[in-house]
Amino acid sequence: MTPSDGLHGSSLPTPAEAIALQKELAGRVRLCPLPARVRVVAAADLSYLPSKELIAVVLAFSWPSLELLETAHVRRPVEFPYVPGLLSFRELPAVTAAFEKLRHRPDVLLCDGQGLAHPRRFGLACHVGLVLDLPTVGCAKKRLCGDHDPVGTEKGCRSVLTLQGDPVGYVYRSRTGVKPIYVSPGHKADLESSLDLVERCVRRYRIPEPLRLAHNTVTRLKKNAHSP
DNA sequence: GCGACAG
DNA sequence: ATCTTGTCGC
């Protein structure tokens, strides 16, 4: 899949066209358990520069030890506005570009944003997974849409996130006393295996280690992009 | 019309 | 996401 991902045309899609594209592409997302054999997990994150540019980074880790194996990043101009629900059209190009620089071929990629827990069931993680044809999991710090019962305050508590009556993800308390995170499957993943993977990625902080380190890395790259 | 609204 | 200092708490 490449010509119809909405980002390889001569011009970028308008918000209206992007929405139509999501409705079409959502039908190609596969909901199934993550691979039984995972050896490498990756995480992507990005940061915006004041110059209308952004830096995307992808880190690869061994699984389940989570030792850093490789880092790749790209810097490029931002070409799509931020519109709630259309985040992937803004970040996907940079994420896939950074991913292609990786020498390792991750078994699964963690994305900083929603997957299925999206108005049209096509969040960033779904779009990235479809374009790369790779299992992906969405892990967001805030809710975009959906409803759920209150989540217990203890580490490990979770509530199903539903949209129009359908389960689309989990609201998960990764650490006691902190705000919960939103986990939803991207491509070639499902609710249970996605949450299981994320749970096993949590160490001492609220954000799963791979994404936390990806964030630290991109923040570092940004700092050095100012002084040089 | 009044909120809600990933990064 | 980003612009920003100090401050409260483990």
Side-chain angles (χ1 to χ4, degrees), chain A residues 7 12 15-16 18-19 21-22 25-26 29 43-58 73-99 109-130 136-148 153 155 161-164 168-172 174-187 189 194-195 198 203-208 210-212 214-226:
Chain A
L7 299 165
L12 290 172
I19 289 176
L21 212 40
Q22 294 184 316
L25 298 179
V29 175
D45 189 32
L46 37 175
S47 79
Y48 295 79
L49 304 179
S51 56
K52 281 182 173 291
E53 292 181 293
L54 60 74
I55 293 177
V57 64
V58 176
H73 77 275
V74 298
R75 173 176 175 169
R76 54 171 54 197
V78 178
E79 17 60 276
F80 198 87
Y82 170 70
V83 179
L86 301 181
L87 180 64
S88 67
F89 291 88
R90 181 178 171 81
E91 307 191 332
L92 177 66
V95 173
T96 57
F99 183 87
L109 172 65
L110 285 170
C111 297
D112 186 11
Q114 316 290 346
L116 240 197
H118 177 279
R120 289 167 291 286
R121 319 298 170 88
F122 197 66
L124 173 66
C126 298
H127 205 159
V128 171
L130 200 56
T136 53
V137 173
C139 185
K141 298 179 291 301
K142 294 179 182 177
R143 184 191 69 86
L144 171 60
C145 61
D147 309 288
H148 65 84
T153 183
K155 167 183 172 61
L161 182 63
T162 63
L163 236 192
Q164 304 165 175
V168 294
Y170 277 110
V171 183
Y172 179 66
S174 55
R175 298 288 295 174
T176 297
V178 305
K179 295 174 39 151
I181 55 180
Y182 301 76
V183 181
S184 61
H187 183 48
S194 291
L195 181 60
V198 170
R203 292 292 184 269
R204 192 182 179 193
Y205 304 88
R206 176 171 83 119
I207 305 302
L211 281 174
R212 194 179 73 81
H215 186 275
N216 287 344
T217 300
V218 79
T219 296
R220 166 65 63 183
L221 287 171
K222 179 184 178 181
K223 283 182 61 179
N224 300 324
H226 277 290

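The figures here come from the full heavy-atom set of this structure, side chains too, leaving out hydrogens, waters and symmetry mates. Residue numbers begin at 1 in each chain, while the letters A, B, ... track the order of the sequences. Values in this document were obtained by computation on a predicted structure and should not be read as measured data.
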Could you state the atom-to-atom distance from [atom1] of [X] to [atom2] of [N] in whole Å?
{"X": "L144(A)", "N": "dA6(B)", "atom1": "CG", "atom2": "C1'", "result": "5 Å"}
{"X": "R204(A)", "N": "dC10(C)", "atom1": "CZ", "atom2": "P", "result": "14 Å"}
{"X": "D112(A)", "N": "dT2(C)", "atom1": "CG", "atom2": "C1'", "result": "15 Å"}
{"X": "F89(A)", "N": "dA6(B)", "atom1": "CZ", "atom2": "P", "result": "17 Å"}
{"X": "L124(A)", "N": "dA6(B)", "atom1": "CG", "atom2": "C1'", "result": "8 Å"}
{"X": "H118(A)", "N": "dA4(B)", "atom1": "NE2", "atom2": "C1'", "result": "14 Å"}
{"X": "L110(A)", "N": "dG7(B)", "atom1": "CG", "atom2": "P", "result": "14 Å"}
{"X": "H215(A)", "N": "dA1(C)", "atom1": "NE2", "atom2": "C1'", "result": "8 Å"}

Examine [N]: is either OP1 or OP2 under 4.0 Å from a nitrogen or oxygen in the side chain of [X]? Give yes or no.
{"X": "K222(A)", "N": "dT2(C)", "answer": "yes"}
{"X": "K141(A)", "N": "dA1(C)", "answer": "yes"}
{"X": "R143(A)", "N": "dA6(B)", "answer": "no"}

Hey, are D45(A) and R212(A) close enough for a salt bridge, meaning a charged N less than 4.0 Å from a carboxylate O? no
Would you say the base of dG7(B) stacks on Y82(A) (centre-to-centre below 5.5 Å, plane angle below 30°)?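 It does: the two rings, one from Y82(A) and one from dG7(B), meet the stacking criterion.
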So, do H127(A) and F89(A) have ring centers that fall under 6.0 Å from each other?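 Judged by ring-centre distance (under 6.0 Å), H127(A) and F89(A) do meet the cut-off.
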With a cut-off of 6.0 Å (strictly less than), are more than 12 heavy atoms of other residues, nucleotides or ligands near CZ of R203(A)?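 Atom CZ in R203(A) is crowded, with more than 12 foreign heavy atoms closer than 6.0 Å.
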Looking at L25(A), L21(A), I19(A), which hits side chain to side chain contact (heavy atoms under 4.5 Å, CB included) with R120(A)?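 Exactly one pass, corresponding to I19(A).
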By the 4.0 Å heavy-atom rule, please label L86(A) as base, sugar-phosphate, or nothing. base
Which part of the nucleic acid does G138(A) contact within heavy-atom distance under 4.0 Å: base, sugar-phosphate only, or nothing?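 The residue G138(A) makes no contact with any strand.
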Point-to-point distance, once rounded to the nearest 0.5 Å, from CG of L46(A) to CG of L221(A):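 Separation between the atoms: 12.0 Å.
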